[in-house]
Asker: 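To start, I am sharing the structure in question, which I have written as structure tokens.
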Amino acid sequence: MAKDYSRDYTIVIVEDDPESVRMLTERLDSLAVLVIFNKTEEAFVYFSKGYKANLIIIDVFVHGSSMDGLELCQKVRSIPDYTQTSILLHNSLGD
């Protein structure tokens with residue numbers, strides 16, 4: 001049986017919209033382990049504790065959080081382990 005390399009990768013999704021989470025989960029679940037947060041503060045605690053991610057997807061406008069996605073991106077980039085990690089910022093305004 002072939003090794004399932006998808007479980008060797010972790011994608012962190014920071015998104016507060018349930019429909020966007022559903023869409024991202026449907027498309028990415030077979031590719032990696034998904035860790036999903038609906039608040040930027042919760043995600044930042046995850047990164048601060050040293051958990052790893054191969055890709056981070058952040059909604060620019062996360063409602064109900066004290067920091068927006070851009071601020072989270074800047075804070076994550078300040079953590080030495082995440083200076084080279086790919087971060088995808090997105091928004092679904094108008095969709």
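Source: prediction; values computed, not measured. Worth knowing before you read on, the calculation uses all heavy atoms, side chains too, and leaves out hydrogens, waters and symmetry mates.
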Asker: Begin from the C-alpha positions of E15 and I57 and carry the test side-chain contact (heavy atoms from CB on, under 4.5 Å) through to its verdict.
Answerer: CA-CA 8 Å; E15 172 63 68; I57 301 173; over 6 Å; no
Asker: Examine distances only and state if a side-chain atom of D68 and a backbone atom of F61 form a donor-acceptor pair shorter than 3.5 Å.
Answerer: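 Checking the backbone N and O of F61 against the side chain of D68, no donor-acceptor pair under 3.5 Å is found.
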Asker: Between CD of E41 and CG of L72, what distance do you get to the nearest 0.5 Å?
Answerer: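 E41 CD to L72 CG: 9.0 Å, rounded to 0.5 Å.
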Asker: Answer yes or no: is there a side-chain heavy-atom contact under 4.5 Å between V14 and F44?
Answerer: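 V14 does not reach F44 side chain to side chain.
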Asker: Looking at every heavy atom in both C73 and L89, which two are closest together, and how far apart are they?
Answerer: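 Where C73 meets L89 most closely, the heavy atoms are CB-CD2, 4.2 Å.
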Asker: Just verifying a value: how many Å separate K75 NZ and S48 OG, rounded to the nearest 0.5 Å?
Answerer: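 The distance works out to 8.5 Å.
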Asker: Check whether L70 and I56 end up in the same hydrophobic cluster, where Ile, Leu, Val, Met, Phe, Trp and Tyr are linked by side-chain heavy atoms less than 4.5 Å apart.
Answerer: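 Yes.
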Asker: Going by side chain to side chain contact (heavy atoms under 4.5 Å, CB included), I13 matches just one of N38, D59, L28. Which one?
Answerer: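 For I13, the side chain to side chain contact (heavy atoms under 4.5 Å, CB included) test succeeds with only one of N38, D59, L28, which is L28.
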Asker: What are the two closest non-hydrogen atoms of Y9 and A32, and how far apart are they?
Answerer: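 In terms of heavy atoms, the two residues are closest at O-CB, 3.3 Å.
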Asker: Could you tell me the separation between the CG atom of L55 and the OG1 atom of T85, rounded to the nearest 0.5 Å?
Answerer: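 Those atoms lie 9.0 Å apart.
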Asker: Under a 3.5 Å distance rule, please check whether T40 uses its side chain to pair with a backbone N or O of S65 as donor and acceptor.
Answerer: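 Here the side-chain-to-backbone pair does not exist.
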Asker: Run the salt-bridge test on R22 and E26 with the 4.0 Å N-O cut-off and return the result as yes or no.
Answerer: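 E26 and R22: salt-bridged.
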Asker: I need the S20 OG to N91 CG distance, nearest 0.5 Å.
Answerer: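 So the gap between those two atoms works out to 9.5 Å.
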Asker: L34 and D29: side-chain contact (heavy atoms from CB on, under 4.5 Å), yes or no, with the steps?
Answerer: CA-CA 7 Å; L34 302 180; D29 188 48; 4.1 Å; yes
Asker: Checking D16 side chain against H63 main chain: does a donor-acceptor pair fall under 3.5 Å?
Answerer: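 Yes; judged by distance alone, with no hydrogens or angles, the pair exists.
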Asker: As a quick check of understanding, evaluate side-chain contact (heavy atoms from CB on, under 4.5 Å) for K52 and D81, giving each step before the final call.
Answerer: CA-CA 8 Å; K52 302 296 179 215; D81 288 343; 2.8 Å; yes
Asker: Indicate, with yes or no, if V45 and V12 share a hydrophobic cluster defined by side-chain heavy-atom contacts under 4.5 Å among Ile, Leu, Val, Met, Phe, Trp and Tyr.
Answerer: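 Per the 4.5 Å side-chain linkage, V12 and V45 are not co-clustered.
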